[in-house]
Structure formats: structure tokens, C-alpha cells
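Presented below is the structure to which this report refers.
Everything numeric here is computed off the predicted structure, so don't read it as measured data.
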Amino acid sequence: GEKVDTAGGTLMPGIIDCHSHSMLDTINEGTLAVTSMVRTRDVINPTDVDLYRELAGGVTTLNLLHGSANPIGGLNTVVKIKYGRPAEEFIFPGAMPGIKFALGENVKRSSTPNQPGITRRYPNTRMGVEETIREAFTKARDYKRTWDEYRAGVAKGDKNLVPPKRDLQLEPLVEVLEGKRYVHAHSYLASEILMLIGIADEFGFKVKTFQHVLEGYKVAKEIAAHGSGASTFADSWAYKIEAYDAIPYNTALMTRAGGGVSVNSDSDERARRLNIEAAKAMHWGDLTEEQALKLITINPAIQLGIQDKVGSIEVGKDADLAIWNGHPFSVYSRVDT
């Protein structure tokens, strides 16, 4: 293998950003409430300069998410940053497929004024958001049943069967029901977090991560009991009414409740200083240095199903590393390699 002289620097695992929109230009297919048939991986831009800046901040892996205009949005893409290489080389081999869900104001369009003569898209309330998701999974469960019956018939040798019509909107939701696709759900309020846990329990799937989850500290035990992870902001709030109850102790409180927690960027700007975002959890809530480091390494790796490849320095894993010229949690440190 290749040998690298770290010259007295600090070696750490490459940082993993569990909520990114880098490499994506138009990320909201906001025309329908359920757009599980659209895919971010078809429109990634490998020459986005933000990727260069993120590498310079020690970030090596991104979870590229669809926007939050829909209760059920598009399919996500997990990438390794290979700045300037062809787009197909970015795709993280073996990463778990995922899908973006969203709850709350962005979905019900409460900040969008009514235009005269234009019918508002359903749903327009939090109740409607819940019903939209429940109806989509009811359809997906029925669709799965028709395919299961067809395959069972084929296996028995019935030659007269006609395969059901394929539905690209429902196929990813069937994968969610079968545990083959992760749900990453944009959320803020405690009530809507509990609502989605309720739907997941009803249909027998797990929400892999609650994203943003700024009121997660209020329902941290319930999130942990469901088996969900939380991917949050270190200290970003008051940018809309939903975020008013956010507190900087959210990360530490959710960590202590036993759920896996990561801090993410959701921003091409914040993405290049996730090391400092993680360090804030030592100030707000007294996490240990190791607990803070996990927020941007192994925890987001687990949330994306890639913990056997990245997120820690271990024999057999990818050499996905950053060498810093000082302590990674210092504002004075920078990445050398």
C-alpha cells in the first residue's frame, strides 16, 4: 500500500455529512406531494466548487438529499467526493439506498402566499401531511401484495399470469416496507416526529434518520426507542417559526437518551467547517471529545449504512482519512491532506 508521512499532524477519519445538497442545482420537485420516482443521482454536478472547499474542511462523504417540498420526496445519493472526476465515480459503492421525507411548514407551504386563481397543492396542514404519507404507504402495501402474489404464482409454474403494471412512484416505498431503503425525514416539531414514528410503526418500517429534528430533545427517548438516528444542527434556529424551540443542548440531550446523533450541514457553506460544528457539542452539553468526534464520523456512517467502509480508522476499511496540521476541533487547524 501507499505510505504517507503525516509529519506530526493529526489523523482523523474523513468527515461524513449526512445532509447535503452539494452537486445539486434543482433539488425540489415540488409539483406533487409524493415524488418518490425522481432521483438525485441523475443530476449530480462533479465540478461544483463547493466540493473542493468541503475536501479542504476534511469532508470526504456526502448524503445528497432531495429538497423538502414534499411529504415524500425524491431518492437520495451517497457519494464520496472525487472532485473533478466523472460523476459515476462519486457513487459510494454498497451504500444503502434512501429517500427523503419531509414534515411541517416546507411541505404544507405555509410561507407561500395564496396566488389568486391558482389551486393550492394538497396537503395544506400537518394533518394532511400525515394522511398523504399514510395513503402512499397504503397504496405501496397493496402494490407489494400484487407483485408477491404474481411471483408466487410464477414460482408454482403458472404460465398464464400477467405481471402487474410497474409503478416507479410506489417501488421505492415497497423497498422501504421491505427494509431495503432508508427514510431520511426532514422534521422539526416534537408532535410531527411522533406522528411519523406512529405511521412507521403502523406499516412496520423504521425511520432511519430524523433530519434537523430541532425539537428532538423533547422526544429523544421515543426517537431512540424507535431505533432512529438524529441528524441535527449544532446551533441554528429562529429562521422560521418551527425552529423557535431549538436549543444548543439538543445534540447532547439526544446523545444521552441513547439515539445515534450526527451533526450535518444542509449548507455548502457550513459543510466546510463541520469539525467546529461537532466541537460545539463539547461546549453546549459537555460531550466528551470522543462523543463529539463520533457526531461527524462513525454516527453518520451508521445512519447511511456505510459503517463497514468509513467513519473510523480500522484495518480493512477504506483509507478515507484527513490529516490536520493541529487538533481538528481547533479553529486554527486546517487540513493538509
Side-chain angles (χ1 to χ4, degrees), residues 32-38 65-66 68-76 96-108 121-152 164 167-232 242 254 257-260 302-305:
L32 294 169
V34 179
T35 58
S36 34
M37 60 297 222
V38 305
L65 288 166
H66 186 269
S68 54
N70 333 66
I72 298 178
L75 309 186
N76 69 311
M96 271 295 282
I99 185 170
K100 172 77 172 276
F101 282 24
L103 309 169
E105 291 188 9
N106 293 20
V107 178
K108 63 192 186 67
R121 190 194 76 185
Y122 177 82
N124 206 21
T125 66
R126 291 176 191 277
M127 298 176 292
V129 173
E130 178 178 14
E131 188 280 330
T132 298
I133 297 171
R134 178 174 285 112
E135 186 194 27
F137 275 105
T138 303
K139 285 180 182 168
R141 193 166 57 186
D142 293 344
Y143 178 70
K144 173 174 153 56
R145 190 180 300 120
T146 60
W147 272 98
D148 288 347
E149 287 167 1
Y150 166 74
R151 289 189 185 111
D167 189 320
L168 298 183
Q169 186 184 46
L170 294 178
E171 274 181 18
L173 302 184
V174 171
E175 291 173 343
V176 169
L177 290 172
E178 293 174 342
K180 295 173 183 168
R181 184 174 290 279
Y182 285 164
V183 171
H184 300 291
H186 162 117
S187 58
Y188 285 84
L189 301 187
S191 57
E192 64 188 18
I193 294 163
L194 295 177
M195 174 268 283
L196 189 56
I197 288 174
I199 291 180
D201 288 345
E202 183 182 325
F203 286 93
F205 68 90
K206 291 270 182 256
V207 179
K208 187 62 178 178
T209 68
F210 284 97
Q211 298 281 334
H212 310 318
V213 63
L214 294 184
E215 286 191 15
Y217 64 94
K218 299 181 182 181
V219 287
K221 283 183 183 149
E222 289 84 350
I223 292 170
H226 179 64
S228 290
S231 190
T232 190
E242 284 183 309
M254 290 194 295
I302 292 166
Q303 292 173 351
L304 299 173

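- With sequence neighbours excluded, the residues satisfying side-chain contact (heavy atoms from CB on, under 4.5 Å) with Ala185 are Phe101, Val183, Leu196, Val207, Phe210.
- With sequence neighbours excluded, the residues forming a side-chain hydrogen bond (donor to acceptor under 3.5 Å, both in side chains) with Glu131 are Tyr122, listed by chain and number.
- Side-chain atoms of Arg121 and Asn70, non-hydrogen and from C-beta on, do get closer than 4.5 Å to each other.
- Every salt bridge (Lys or Arg N to Asp or Glu O under 4.0 Å) that Glu175 has, sequence neighbours left out, goes to Arg181.
- Considering only heavy atoms from C-beta on, Ile72 stays 4.5 Å or farther from Thr132 through its side chain.
- Pairing each heavy atom of Ala257 with each of Ala220, the nearest pair is CB-CB, 3.5 Å.
- Side-chain N or O atoms of Gln303 include one that pairs as donor or acceptor with a backbone N or O of Ala230 at under 3.5 Å.
- At distances below 3.5 Å, not a single donor-acceptor pair connects side-chain atoms of Glu222 with backbone N or O atoms of Ala190.
- Residues satisfying the side-chain hydrogen bond (donor to acceptor under 3.5 Å, both in side chains) test with Glu178, not counting sequence neighbours, are Lys144, Lys180.
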After noting the C-alpha distance and the side-chain angles of Val213 and Met254, does the key distance pass the side-chain contact (heavy atoms from CB on, under 4.5 Å) rule? CA-CA 10 Å; Val213 63; Met254 290 194 295; 4.1 Å; yes
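- The nearest pair of heavy atoms linking Pro172 to Ile99 is CB-CD1, 4.4 Å.
- For Glu192, the salt bridge (Lys or Arg N to Asp or Glu O under 4.0 Å) test picks out Arg126, with sequence neighbours left out.
- Listed by chain and number, the residues in a side-chain hydrogen bond (donor to acceptor under 3.5 Å, both in side chains) with Lys221 amount to none (sequence neighbours excluded).
- Put simply, CZ on Phe205 and CG on Leu173 are 8.5 Å apart, with the number rounded to the nearest 0.5 Å.
- Shortest non-hydrogen contact noted between Gly259 and Ala224 is N-CB, 3.7 Å.
- Atom NZ of residue Lys100 and atom NE2 of residue His184 lie 10.0 Å apart, to the nearest 0.5 angstrom.
- Considering only heavy atoms from C-beta on, Ser231 comes within 4.5 Å of Gln211 through its side chain.
- To the nearest 0.5 Å, atoms CG (Leu103) and CD1 (Ile193) are separated by 8.5 Å.
- Considering all non-hydrogen atoms of both residues, Met96 and Gly305 come closest at CG-CA, 4.3 Å.
- Judged as a side-chain contact (heavy atoms from CB on, under 4.5 Å), and not counting sequence neighbours, the contacts of Val38 are Glu29, Thr35, His66.
- Every residue was checked against the ring-ring contact (aromatic ring centres under 6.0 Å, His included) condition with Tyr182, not counting sequence neighbours, and none meets it.
- Sorted by first and then second residue, the salt bridge (charged side-chain N to carboxylate O under 4.0 Å, His left out) pairs involving residues 211-220 (not counting sequence neighbours) are Glu215-Lys218, Lys218-Asp245.
- Salt-bridge check for Asp142 with Lys139: failed, with every basic side-chain N at 4.0 Å or more from each acidic carboxylate O.
- With a 4.5 Å cut-off on side-chain heavy atoms, Pro97 and Leu75 do not count as touching.
- Using a distance-only test at 3.5 Å, with no hydrogens or angles considered, a donor-acceptor pair links the side chain of Tyr143 to the main chain of Asp167.
- Every side-chain contact (heavy atoms from CB on, under 4.5 Å) that Glu130 has, sequence neighbours left out, goes to Arg134, Met195, Ile199.
- Applying the side-chain hydrogen bond (donor to acceptor under 3.5 Å, both in side chains) test to Thr232 and every residue at least two apart in sequence or in another chain returns Asn250.
- Every residue two or more places apart in sequence or in another chain was checked for a salt bridge (Lys or Arg N to Asp or Glu O under 4.0 Å) with Arg141, and none qualifies.
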